[in-house]
Amino acid sequence: PASISVKELAEVLGKKGSDLVMALMKKGQMLNINATLDFDTAAAIAEDYNVILEQEEEKDILETVFAEEEDDEKDLKERPPVVVVMGHVDHGKTSLLDAIRHSNVTKGEAGGITQHIGAYTVQIDGKPITFLDTPGHEAFTAMRMRGAQITDIAILVVAADDGVMPQTVEAINHAKAAGVEIIVAINKMDKPSANPDRVKQELVEYGLVAEDWGGQTICVPVSAVTKEGLDSLLEMIILVAEMKELKANPNKHARGAIVEAQLDKGRGPVATVLVQNGTLQVGDPIVAGAAYGKIRAMTDDKGRRVKKAGPSTPVEILGLSEVPSAGDSFYVAENDKQARQVAESIIAKNRENMIKETPQKVSLDDLFSQ
Ligand code: GTP
Ligand code: MG
């Protein structure tokens with residue numbers, strides 16, 4: 001978070017530091033000249049002096065070090081779409097994905113609630129599509145936000161017997177904020193109480209007007225139980241993905257996002273990552289926030305050991321120094337040394353920010369010794 005000291009602010013305002021300290025004291029704000037102010041406080045003070053303070057974008061160290069060069073058109077190859085499945089709790093996201101994968105993940109999940117983002121690639125008529133599952137539970141807002149940010153298409157699952165609910169609305173907002181196209185899957189159509197028209201009606205309020213109602217939003221009635229509508233849903237996903245002409249350059253160092261990560265007793269930090277551009281390889285030195293390391297082993301979504309992972313591929317990696325945060329970007333460095341140095345500068349920066357955020361106590365002595 002951006003911050004500024006009283007002294008620096010005084011300079012910006014063209015005042016003497018001690019004058020600003022006195023002026024603030026008169027208003028009941030006891031701050032010494034070295035006290036740091038967060039942006040909002042500093043902006044409010046500046047406003048009293050008719051100065052509008054603007055925040056300078058603090059560029060991420062990683063973004064600067066690993067600034068991405070634009071790919072040459074000739075290096076770009078088609079890549080699979082990344083599709084996030086979002087919606088209210090229990091509306092059937094995991095069940096729909098299971099039905100698509102012909103597997104059965106729901107039964108294995110603790111209490112049937114998705115605890116983390118699962119990431120899988122599914123071949124549909126020989127075309128790969130990468131799906132990310134997200135939890136609908138209200139406690140997982142950040143995961144839904146991340147999910148929306150790293151994807152091309154969002155499948156909004158709405159149970160036909162329940163309609164638009166709070167996390168449905170939240171998912172719509174995340175997808176819109178991330179500029180991701182929404183395809184609505186009206187699920188549980190097998191239920192006698194299913195009312196797809198009501199769902200469409202409710203969605204209008206959030207700017208999603210179904211195609212058969214004269215709007216632009218693709219709505220597909222489906223059932224994870226009877227598998228009705230699944231083929232149409234997949235067709236729509238492929239259609240929308242094709243229109244987007246998604247491309248990436250597999251012939252360069254990888255970069256992407258941490259989807260989830262945890263500490264495994266035997267294996268150390270384990271992270272599921274989504275490669276967004278380039279190709280990730282075993283042995284690559286990588287950095288993700290303050291975590292760094294050489295990739296020791298890589299497993300695909302079916303649990304198989306792999307040596308490489310290209311664009312839009314989710315893989316689990318081993319070899320990081322610590323557990324990165326889900327949502328962090330990861331980058332492949334030039335060599336081990338660079339990876340370590342960059343991570344160390346992030347650790348130093350984090351420490352510096354922490355010190356800055358610690359409130360400073362001010363005594364009267366401090367005030368008058370300026
Ligand atoms: P969270 O991950 O907890 O947000 O839930 P979810 O959206 O992944 O829902 P999940 O797939 O776990 O399904 C919730 C319940 O709805 C389960 O009992 C499913 O069996 C049931 N269910 C899911 N899809 C259908 C469907 O199409 N028809 C019927 N009748 N039940 C369904
Ligand atoms: Mg689920």
Side-chain angles (χ1 to χ4, degrees), residues 82-122 129-148 150-151 153-175 180 182-200 202-203 206 208 210 218-237 259-260 262 272 274 301 314 326-327:
V82 179
V83 179
V84 68
V85 182
M86 305 172 103
H88 195 71
V89 67
D90 278 350
H91 278 197
K93 301 172 288 296
T94 306
S95 302
L96 267 180
L97 270 179
D98 286 353
I100 290 170
R101 295 200 301 154
H102 308 287
S103 67
N104 220 332
V105 187
T106 337
K107 284 185 185 139
E109 284 179 312
I113 291 178
T114 300
Q115 300 290 357
H116 51 70
I117 301 183
Y120 330 89
T121 302
V122 179
I129 302 177
T130 295
F131 286 99
L132 298 181
D133 192 5
T134 61
H137 193 280
E138 58 188 338
F140 296 100
T141 300
M143 285 193 184
R144 283 188 291 278
M145 186 151 60
R146 265 178 242 133
I150 56 181
T151 54
I153 299 169
I155 302 296
L156 182 71
V157 179
V158 189
D161 63 335
D162 203 24
V164 172
M165 298 297 279
Q167 272 64 58
T168 317
V169 176
E170 199 205 88
I172 294 172
N173 292 337
H174 288 324
V180 175
I182 298 172
I183 296 177
V184 178
I186 305 180
N187 191 34
K188 307 200 183 185
M189 285 300 290
D190 58 291
K191 287 204 165 183
S193 52
N195 188 346
D197 279 340
R198 199 191 93 195
V199 173
K200 288 179 189 170
E202 289 170 346
L203 285 171
Y206 302 95
L208 299 177
I218 301 171
C219 289
V220 188
V222 296
S223 163
V225 171
T226 66
K227 302 199 170 26
E228 143 189 11
L230 287 192
D231 287 344
S232 322
L233 179 62
L234 292 169
E235 242 171 66
M236 289 304 157
I237 294 172
V259 176
E260 60 184 324
Q262 68 275 328
T272 301
L274 176 72
D301 54 348

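Whatever order the structure lists them in is the order used to number ligands and atoms, beginning at 1. The figures that follow rest on heavy atoms only: side chains count, while hydrogens, waters and symmetry mates do not.
Listed by chain and residue number, nothing satisfies the ring-ring contact (aromatic ring centres under 6.0 Å, His included) test with His174 (two or more places apart in sequence, or in another chain).
In His91, the part holding a heavy atom less than 4.0 Å from any atom of ligand 1 is the backbone. With a heavy-atom cut-off of 4.0 Å, Lys191 touches ligand 1 through its side chain alone. Both the backbone and the side chain of Val225 come within contact range of ligand 1, each with a heavy atom under 4.0 Å.
Residue Ser95 holds the heavy atom nearest to atom 20 (O) of ligand 1 of all those in Ser95, Ser193, Pro192, Gly87.
In this structure, Ala224 and Leu96 approach most closely via the heavy-atom pair CB-N, 3.8 Å. When every heavy atom of Asn187 is checked against every heavy atom of Gly92, the shortest pair comes out as ND2-CA, 3.6 Å. Closest approach of Pro314 to Thr121, counting heavy atoms only: CD-OG1, 3.2 Å.
For ligand 1, the polar-atom distance check against Asp90 finds a nitrogen or oxygen pair separated by under 3.5 Å. Residue Met189 has no N or O atom closer than 3.5 Å to an N or O atom of ligand 1. Ligand 1 has a nitrogen or oxygen under 3.5 angstrom from a nitrogen or oxygen of Ala224. Any N or O atom pair closer than 3.5 Å counts here, and Asn187 shares at least one such pair with ligand 1. Residue-to-ligand polar distances place Gly136 within reach of ligand 1: an N/O pair is separated by less than 3.5 Å. Annotation: Thr134 places no N or O atom under 3.5 Å from an N or O atom of ligand 1; distance criterion only.
Under 3.5 Å, the side chains of His91 and Asp162 contain a donor-acceptor pair of N or O atoms.
With ligand atoms numbered from 1 in the order given, ligand 1 contributes 27 (O) to contacts under 4.0 Å with heavy atoms of Ser223. Below 4.0 Å from some heavy atom of Thr94 lie the following atoms of ligand 1, by number and element: 2 (O), 6 (P), 8 (O), 11 (O).
Within 6.0 Å of CG on Asp197 lie more than 12 heavy atoms contributed by other residues, nucleotides or ligands.
Among the atoms of Thr134, no N, O or S atom is found under 2.8 Å from the Mg ion (ligand 2).
At a threshold of 4.5 Å between non-hydrogen side-chain atoms, the residues Leu132 and Ile150 count as touching.
Ion pairing of Lys191 with Asp161 is present here, as a side-chain N (NZ or NE/NH1/NH2) and a carboxylate O approach within less than 4.0 Å.
In this structure, the separation between CE on Met236 and CD1 on Ile155 is 11.0 Å, given to the nearest 0.5 Å.
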